[in-house]
Engineer: 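Quick one: this structure, given as structure tokens, is what I'll be asking you about.
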Amino acid sequence: MRDDGTGSHDGTGLDDRARLDNATGSDDGATGLNGARLDGRVAPFWPRRSPNFLQVRTALRGAVQRWRDEHRGNKHRGNKHPENKHWADECGTAEFVIAVSGGPDSLALAAAVAAEKLPAHVVSIDHGLQEGSRAVSEGAIAQVGQWGLSGQVVSVRVVGEPLEAAARHARYQALGELAGHRPILLAHTGDDQAETLLLGLLRGRASAMGEVSDYQGHTLLRPLLGIRRAHTVGACRELGVAAWNDPHNTDEAFRRVAIRRQVLPLLDQIIGGDATAPLVRAAELLREDDDYLHTLTPKPECSAAATEQCTKLATQQPPALEIAELGPPPLARRAIAKFLQQHGARVSASTLAASIAFIQDWHGQGAVSVGNGLELARQAGKLVLLHSSLADDSQPSASST
């Protein structure tokens, strides 16, 4: 958009901040040369020309609006953690929890949350996997505090292999325990989506992240899937924020990093353009298909909106799926994948193949390890999730990679 300073009302003379604020009826007022508002109040923290930050804010606005429209009038659906003094002391009246690592994606998301004045509380998870990790988390909380957001650092212990999956499991568990029924905002971008699609294909199972998904009864909301990493990096540059660059993001021993640094650039070269964009579109179509097929799929005994009563029940008897209700393999695979994801187990092509064998080729075979200390077995006409007796993922990795 051209900014010619004419002050015209057809939109061509509006800067990025005014353009987005006019859409919501907010009024940030005029600013002087020192950044102070001429009406005596403090000016916004973002610059007048910030096209990348505008993209992040717009994406956030749309995702939150869709979430609220879907759940309007049912705010406390699946509330595992009713309001209490601890939450009020830590998080005030927050409607969302934001996961912030200190990297450009999550800092840009947090800044957009602050600019949109969303009631949110920031959590930075310290995995303790690198020297100085606590200081990085504390720095991220200090930064979002400058934007007026409350926040805290939560330390977790990462147990199991592969390291990336174990760290994600520990992180989501900690975020879920704090958030309860409140959605957890995650800063995955379209680039992350493309990498996830390729990783899934290499595991023999195409998968894509959804804007809204469930993890052990907690809602994950990813508002930035429709924009690119270049926008979040650019937003931080516009905001004057020095984001943290995780050394793990350059370690090609991680498959995701190798795909990012080797495979995607090669695909760009092969097609003579941006390979990520069509991969993102393919992931969106895959997700639409999955979302529809899930409406036809039998639901696990404990639904995505897990309640305190359901949680207690799961500690008394193992979560289970009735085999007779699973339907044909395409639907059964989706029901089993959803079931495993809800309970923090890993989903892979081999796991799903073994699960289908439990149904179609049952001859007394033993349980299958599904990670995070869990295994899947067949008992009395059901697929049940048990605490694992196997030791392959019971110890932390001996390597930092």
Side-chain angles (χ1 to χ4, degrees), residues 160-162 164-166 168-169 172 193 195-210 212-217 220 255 282-306 310 313-314 317-394:
E161 294 186 22
E164 186 178 14
R168 181 172 57 251
H169 177 66
Y172 287 178
Q193 181 75 290
E195 294 160 10
T196 296
L197 177 62
L198 290 176
L199 282 168
L201 290 170
L202 290 173
R203 297 185 184 114
R205 177 179 175 268
S207 60
M209 293 182 287
V212 180
S213 61
D214 170 82
Y215 189 85
Q216 293 187 305
L220 308 180
R255 289 183 180 178
E284 291 171 350
L285 294 174
L286 174 64
R287 192 69 197 190
E288 288 179 8
D289 291 348
D290 273 348
D291 287 345
Y292 172 71
L293 289 172
H294 276 307
T295 65
L296 309 177
T297 302
K299 303 299 186 293
E301 290 181 0
C302 290
S303 68
C310 181
L313 179 62
Q317 59 188 42
L321 290 174
E322 289 282 355
I323 290 175
E325 297 177 1
L326 291 178
L331 296 183
R333 276 191 290 269
R334 284 170 169 80
I336 294 166
K338 183 76 169 178
F339 174 69
L340 294 175
Q341 288 167 348
Q342 287 179 355
H343 294 282
R346 292 199 288 269
V347 181
S348 67
S350 60
T351 299
L352 294 179
S355 301
I356 296 300
F358 281 146
I359 300 170
Q360 295 188 325
D361 185 26
W362 174 241
H363 50 270
Q365 57 264 48
V368 176
S369 175
V370 290
N372 295 323
L374 299 170
E375 60 186 16
L376 189 69
R378 173 167 173 157
Q379 294 180 356
K382 297 180 180 181
L383 296 182
V384 297
L385 200 58
L386 307 169
H387 288 290
S388 179
S389 59
L390 306 177
D392 64 343
D393 63 352
S394 61

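Note that these values count all heavy atoms, side chains included, but never hydrogens, waters or copies made by symmetry.
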Engineer: Kindly give the heavy-atom pair with the smallest separation between Ser207 and Gly200, and that separation in Å.
Structural biologist: OG-CA, 4.0 Å

Engineer: Quick one: side chains of residues 357-365, donor-acceptor pairs under 3.5 Å with protein atoms, not counting sequence neighbours, listed by atom name and distance.
Structural biologist:
from   : atom 1 : to     : atom 2 : distance (Å)
His363 : ND1    : Asp361 : O      : 2.9
Gln365 : OE1    : His363 : N      : 2.9
Gln365 : NE2    : Asp361 : O      : 3.3

Engineer: Grab the two heavy atoms, one from Lys382 and one from Glu322, that are nearest each other, plus how far apart they are.
Structural biologist: CE-OE2, 2.8 Å

Engineer: Minimum heavy-atom separation for Ala282 to Leu197, with atom names?
Structural biologist: CB-CD2, 4.1 Å

Engineer: Mind checking what makes side chain to side chain donor-acceptor pair (under 3.5 Å) contact with Ser348, not counting sequence neighbours?
Structural biologist: Ser350, Thr351

Engineer: Where the side chain of Gln216 meets the backbone of His343, is there a donor-acceptor pair that is under 3.5 Å apart?
Structural biologist: yes

Engineer: Tell me which donor-acceptor pairs under 3.5 Å the side chains of residues 330-337 have, and how far apart each pair is, sequence neighbours excluded?
Structural biologist:
from   : atom 1 : to     : atom 2 : distance (Å)
Arg334 : NE     : Asp290 : OD1    : 3.0
Arg334 : NH1    : Pro330 : O      : 3.1
Arg334 : NH2    : Asp290 : OD1    : 2.9

Engineer: How long is the span from the CZ atom in Arg378 to the CD1 atom in Ile323, to the nearest 0.5 Å?
Structural biologist: 3.5 Å

Engineer: Partners of Gln341 by side chain to side chain donor-acceptor pair (under 3.5 Å), sequence neighbours excluded?
Structural biologist: none

Engineer: Are any side-chain N or O atoms of Gln342 and backbone N or O atoms of Asp214, one a donor and one an acceptor, separated by less than 3.5 Å?
Structural biologist: no

Engineer: Leu376 and Phe339: which non-hydrogen atoms are nearest, and at how many Å?
Structural biologist: CD1-CE2, 4.1 Å

Engineer: What's the spacing between His387 NE2 and Leu374 CG if we round to 0.5 Å?
Structural biologist: 7.0 Å

Engineer: Among residues at least two apart in sequence or on other chains, which ones pass salt bridge (Lys or Arg N to Asp or Glu O under 4.0 Å) with Asp289?
Structural biologist: none

Engineer: How long is the straight-line distance from CZ of Arg203 back to CZ of Arg346, given to the nearest 0.5 Å?
Structural biologist: 9.5 Å

Engineer: Do other residues, nucleotides or ligands put more than 12 heavy atoms under 6.0 Å from the CZ atom of Arg205?
Structural biologist: yes

Engineer: Among residues at least two apart in sequence or on other chains, which ones pass side chain to side chain donor-acceptor pair (under 3.5 Å) with Glu195?
Structural biologist: Arg229, Arg256, Arg260

Engineer: Provide the closest heavy-atom pair for Ala208 versus Ala283 in the form atom of the first, atom of the second, distance.
Structural biologist: CB-O, 3.5 Å

Engineer: So, for Ala320 and Val384, which heavy atoms are closest and what is the spacing to 0.1 Å?
Structural biologist: CB-CG1, 3.7 Å

